[in-house]
Undergrad: 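Before I ask anything, let me first share the structure, which is written out below as structure tokens.
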Number of protein chains: 2
Amino acid sequence: MSVSEERPYHHGRLREALLEAAESTLREHGQDQLSLRKLARDIGVSHAAPGRHFPDRQALLDALAVAGFERLDRELRKAVAAAPADDFPARLDAAVAAYLHFATQDAALLELMFSGKHRPGAEEVRAASEAGFGLMEGMIREGQESGHLEQGSSEQVGMVLFATMQGIATLVNGDMIGRSQMDALVERAVAQFLRGTRPA
Amino acid sequence: MSVSEERPYHHGRLREALLEAAESTLREHGQDQLSLRKLARDIGVSHAAPGRHFPDRQALLDALAVAGFERLDRELRKAVAAAPADDFPARLDAAVAAYLHFATQDAALLELMFSGKHRPGAEEVRAASEAGFGLMEGMIREGQESGHLEQGSSEQVGMVLFATMQGIATLVNGDMIGRSQMDALVERAVAQFLRGTRPA
DNA sequence: ACCTGAACACCGTTCAAGT
DNA sequence: ACCTGAACACCGTTCAAGT
């Protein structure tokens with residue numbers, strides 16, 4: 001799948017190329033090091049070319065955040081689907097492990113997704129985030145029906161669970177706890193949500 | 001306390017002035033809008049003057065993070081000290097409320113404190129953060145002794161509690177939940193930590 | 001429809017020189 | 001000891017003009 005001999009005037013898939021390059025720059029060097037001019041240079045277009053596809057730098061960052069939420073959603077669904085359908089604790093563990101894997105794999109992306117400093121009309125980002133919350137809420141309802149979780153608003157319980165995992169990821173990403181401590185915290189936190197199905 | 005007529009060659013307290021100006025710029029306009037050159041302009045020194053006090057931009061951001069941890073520590077201690085000494089749930093509520101007040105008051109500062117993208121030798125930031133964790137752990141031990149909290153590693157329980165609050169703050173700062181929802185989540189989360197002392 | 005090249009108004013950082 | 005002014009190598013963004 002090699003590119004044509006002399007790069008043509010039109011790139012053809014510049015938008016996708018920008019997103020791919022930006023994603024790996026973000027992961028490897030962080031948001032501060034991500035420059036539209038450098039991306040353009042690496043891809044081989046003029047520095048003004050990105051402007052055709054993203055009105056400004058934040059628009060590209062927003063697009064990365066949206067892509068992040070979509071990938072997170074895919075990974076969560078995949079993990080839960082792979083767990084036994086009749087073992088709620090195992091399903092919860094799978095979801096939690098998948099979330100923490102995602103969240104601690106790419107600290108800069110996680111920050112982009114949740115920091116909330118998006119473009120004024122960033123309804124797309126908010127919308128993309130809701131898919132994941134929906135999945136979480138569905139799982140909570142499942143656990144409530146099987147008697148593994150306390151009753152009450154499944155949305156609230158899901159949010160508290162999510163917040164706990166997000167907070168643990170923040171501690172890891174901020175180098176305040178190590179990965180081994182993370183596992184212990186996650187286990188303790190999940191046990192707190194499950195009622196009487198495990199030793200404290 | 002007016003400044004002398006014609007600004008003198010030496011500012012006198014430039015380091016402090018930079019930190020003060022940076023703190024309010026951060027709060028009002030965010031990290032991206034914080035520029036050393038603009039701070040220097042506002043204060044009335046040359047654009048190279050900040051370099052004397054902070055080797056680079058990140059050094060100033062690190063100093064802001066350290067100041068943030070110190071203020072957080074003060075506010076937590078003050079809130080806990082004001083709560084009745086013999087009412088653990090009330091003391092826990094006070095600490096939690098104080099933390100969330102701090103964390104949702106200045107989203108940009110919170111991100112600076114916990115994002116962990118500090119200068120390579122940023123031992124100062126890590127050290128400053130430990131004071132708050134120490135206070136949290138002490139409170140947990142208190143609650144375990146009075147029978148309000150589950151037994152086990154007080155450090156771990158404290159970390160999980162802290163992570164939960166941090167996560168809720170992230171949801172608020174990222175505009176994913178509103179302030180009224182926040183209160184409900186906090187109440188539910190705290191109730192989960194307290195054993196049998198409140199209705200679920 | 002998509003991209004270029006020049007231009008504008010910014011940055012952070014360095015360093016000789018000034019007080 | 002502390003600050004200035006010029007210089008360097010970058011940015012993001014805009015816009016006429018090119019293909």
Side-chain angles (χ1 to χ4, degrees), chain A residues 3-23 25-26 28-65 108 112 115 117-122, chain B residues 3-23 25-26 28-65 108 112 115 117-122:
Chain A
V3 184
S4 60
E5 26 266 27
E6 296 300 321
R7 51 190 55 148
Y9 191 84
H10 290 76
H11 183 283
R13 47 183 290 284
L14 179 54
R15 198 192 134 93
E16 289 71 22
L18 283 167
L19 284 172
E20 284 168 21
E23 198 181 325
T25 300
L26 182 69
E28 287 161 30
H29 304 289
Q31 210 224 98
D32 296 352
Q33 300 291 326
L34 196 160
S35 126
L36 293 179
R37 286 180 102 112
K38 177 150 182 18
L39 290 178
R41 240 180 281 130
D42 292 347
I43 292 171
V45 293
S46 83
H47 63 260
R52 275 286 131 189
H53 301 277
F54 301 99
D56 55 26
R57 197 184 108 108
Q58 190 57 52
L60 190 155
L61 296 181
D62 287 357
L64 287 179
L112 220 56
S115 77
K117 46 186 172 192
H118 312 115
R119 292 223 316 300
Chain B
V3 183
S4 58
E5 28 267 27
E6 294 300 320
R7 52 190 54 152
Y9 191 84
H10 290 76
H11 183 282
R13 46 183 288 286
L14 180 52
R15 199 191 133 92
E16 289 72 23
L18 283 166
L19 284 173
E20 283 168 22
E23 200 181 323
T25 301
L26 181 70
E28 287 160 31
H29 305 288
Q31 210 225 97
D32 297 352
Q33 300 291 327
L34 194 160
S35 125
L36 293 180
R37 285 179 103 111
K38 178 150 181 17
L39 291 178
R41 239 180 283 130
D42 291 347
I43 292 173
V45 294
S46 84
H47 62 260
R52 276 284 133 190
H53 300 277
F54 301 100
D56 55 26
R57 196 185 111 109
Q58 191 57 52
L60 190 153
L61 296 181
D62 288 356
L64 287 179
L112 219 55
S115 76
K117 47 185 171 192
H118 312 115
R119 292 224 315 301

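Chain identifiers are assigned alphabetically (A, B, ...) following the order of the sequence lines, protein sequences preceding nucleic acid strands; residue numbering begins at 1 within each chain. Note that the coordinates shown come from a computational prediction; the quantities given were computed from them, not determined experimentally.
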Undergrad: Does B:Lys117 offer a backbone N or O that forms a donor-acceptor pair with the side chain of B:Gln58 under 3.5 Å?
TA: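 Yes; judged by distance alone, with no hydrogens or angles, the pair exists.
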Undergrad: Which heavy atom of A:Ala40 sits nearest a heavy atom of A:Ser46, and at what distance?
TA: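 Nearest pair, atom of A:Ala40 first, then A:Ser46: CB-O, 3.4 Å.
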Undergrad: Give me, pair by pair, the N or O atoms of the protein and of nucleotides 6-9 of chain C that are less than 3.5 Å apart, along with how far apart they are.
TA:
unit_1 : atom_1 : unit_2  : atom_2 : d
C:dA6  : N6     : A:His47 : NE2    : 2.9

Undergrad: Compare all side-chain heavy atoms of B:Leu14 with those of B:Arg52 and state whether any distance is below 4.5 angstrom.
TA: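 In short, these two side chains do not touch, never coming nearer than 4.5 Å.
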Undergrad: What integer distance in Å separates B:Leu34:CG from D:dC11:P?
TA: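 Roughly 20 Å, once rounded to whole Å.
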Undergrad: If you check every side-chain atom of B:Ser46, which of D:dC3, C:dT13, D:dT4 has the closest atom?
TA: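 Shortest atom-to-atom distance from the side chain points to D:dT4.
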Undergrad: Counting heavy atoms from C-beta on, name the nucleotide in C:dG12, D:dG12, D:dC3 closest to the side chain of B:Ala49.
TA: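 For the B:Ala49 side chain, the nearest candidate turns out to be D:dC3.
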Undergrad: Considering non-hydrogen atoms only, spot the tightest contact between A:His118 and A:Leu112 and give its length.
TA: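 For A:His118 versus A:Leu112, the nearest heavy atoms are NE2-O, 3.3 Å.
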Undergrad: C:dG12 P sits how many Å from B:Leu61 CG, rounded?
TA: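 To the nearest whole Å, that distance equals 10 Å.
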Undergrad: Considering just the side-chain nitrogens and oxygens of A:Arg41, establish if one lies under 4.0 Å of OP1 or OP2 belonging to D:dC11.
TA: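 It does, given that an N or O in the side chain of A:Arg41 lies less than 4.0 Å from OP1 or OP2 of D:dC11.
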Undergrad: Output yes when a side-chain donor or acceptor of B:Asp62 lies under 3.5 Å from a complementary backbone atom of B:Arg119, and no otherwise.
TA: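 Such a contact is found between B:Asp62 side chain and B:Arg119 backbone.
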Undergrad: Could you report the tightest heavy-atom contact between B:Leu19 and B:Ala63, atom names first, then the distance?
TA: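 B:Leu19 and B:Ala63 have their closest heavy atoms at CD2-CB, 3.8 Å.
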Undergrad: Take B:Gly12 and A:Phe54, find for each the nucleotide of DNA chain D with the closest heavy atom, and name the residue whose nucleotide sits nearer the 5' end.
TA: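 The residue closer to the strand's 5' end, by nearest nucleotide, is B:Gly12.
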Undergrad: Where are the stems of DNA chain D, defined as at least 3 consecutive Watson-Crick or wobble G-U pairs with both distances under 3.5 Å?
TA: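 Runs of three or more consecutive pairs: C:4-8 with D:12-16, C:12-16 with D:4-8.
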Undergrad: Rounded to the nearest 0.5 Å, what separation is found between the NE2 atom of B:His53 and the CD atom of B:Glu16?
TA: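 Nearest 0.5 Å value for the NE2-CD distance: 8.0 Å.
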Undergrad: Is there a side-chain contact between B:Leu26 and B:Gln31, using heavy atoms and a 4.5 Å cut-off?
TA: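 A side-chain contact exists here, since the closest heavy-atom pair is under 4.5 Å.
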Undergrad: With side chains defined as the heavy atoms from C-beta onward, is the minimum distance between A:Leu61 and A:Leu34 less than 4.5 Å?
TA: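 They are in contact (side-chain heavy atoms under 4.5 Å apart), so the answer is yes.
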Undergrad: Is the distance from OP1 or OP2 of D:dG12 to the nearest side-chain N or O of A:Ser35 less than 4.0 Å?
TA: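 Yes.
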Undergrad: Which part of the nucleic acid does B:Arg52 contact within heavy-atom distance under 4.0 Å: base, sugar-phosphate only, or nothing?
TA: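 Base contact - B:Arg52 has a heavy atom under 4.0 Å of at least one base atom.
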Undergrad: Nearest to the A:Arg57 side chain among D:dT13, C:dT4, D:dC3, which nucleotide is it?
TA: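 Nucleotide nearest to A:Arg57's side chain: D:dT13.
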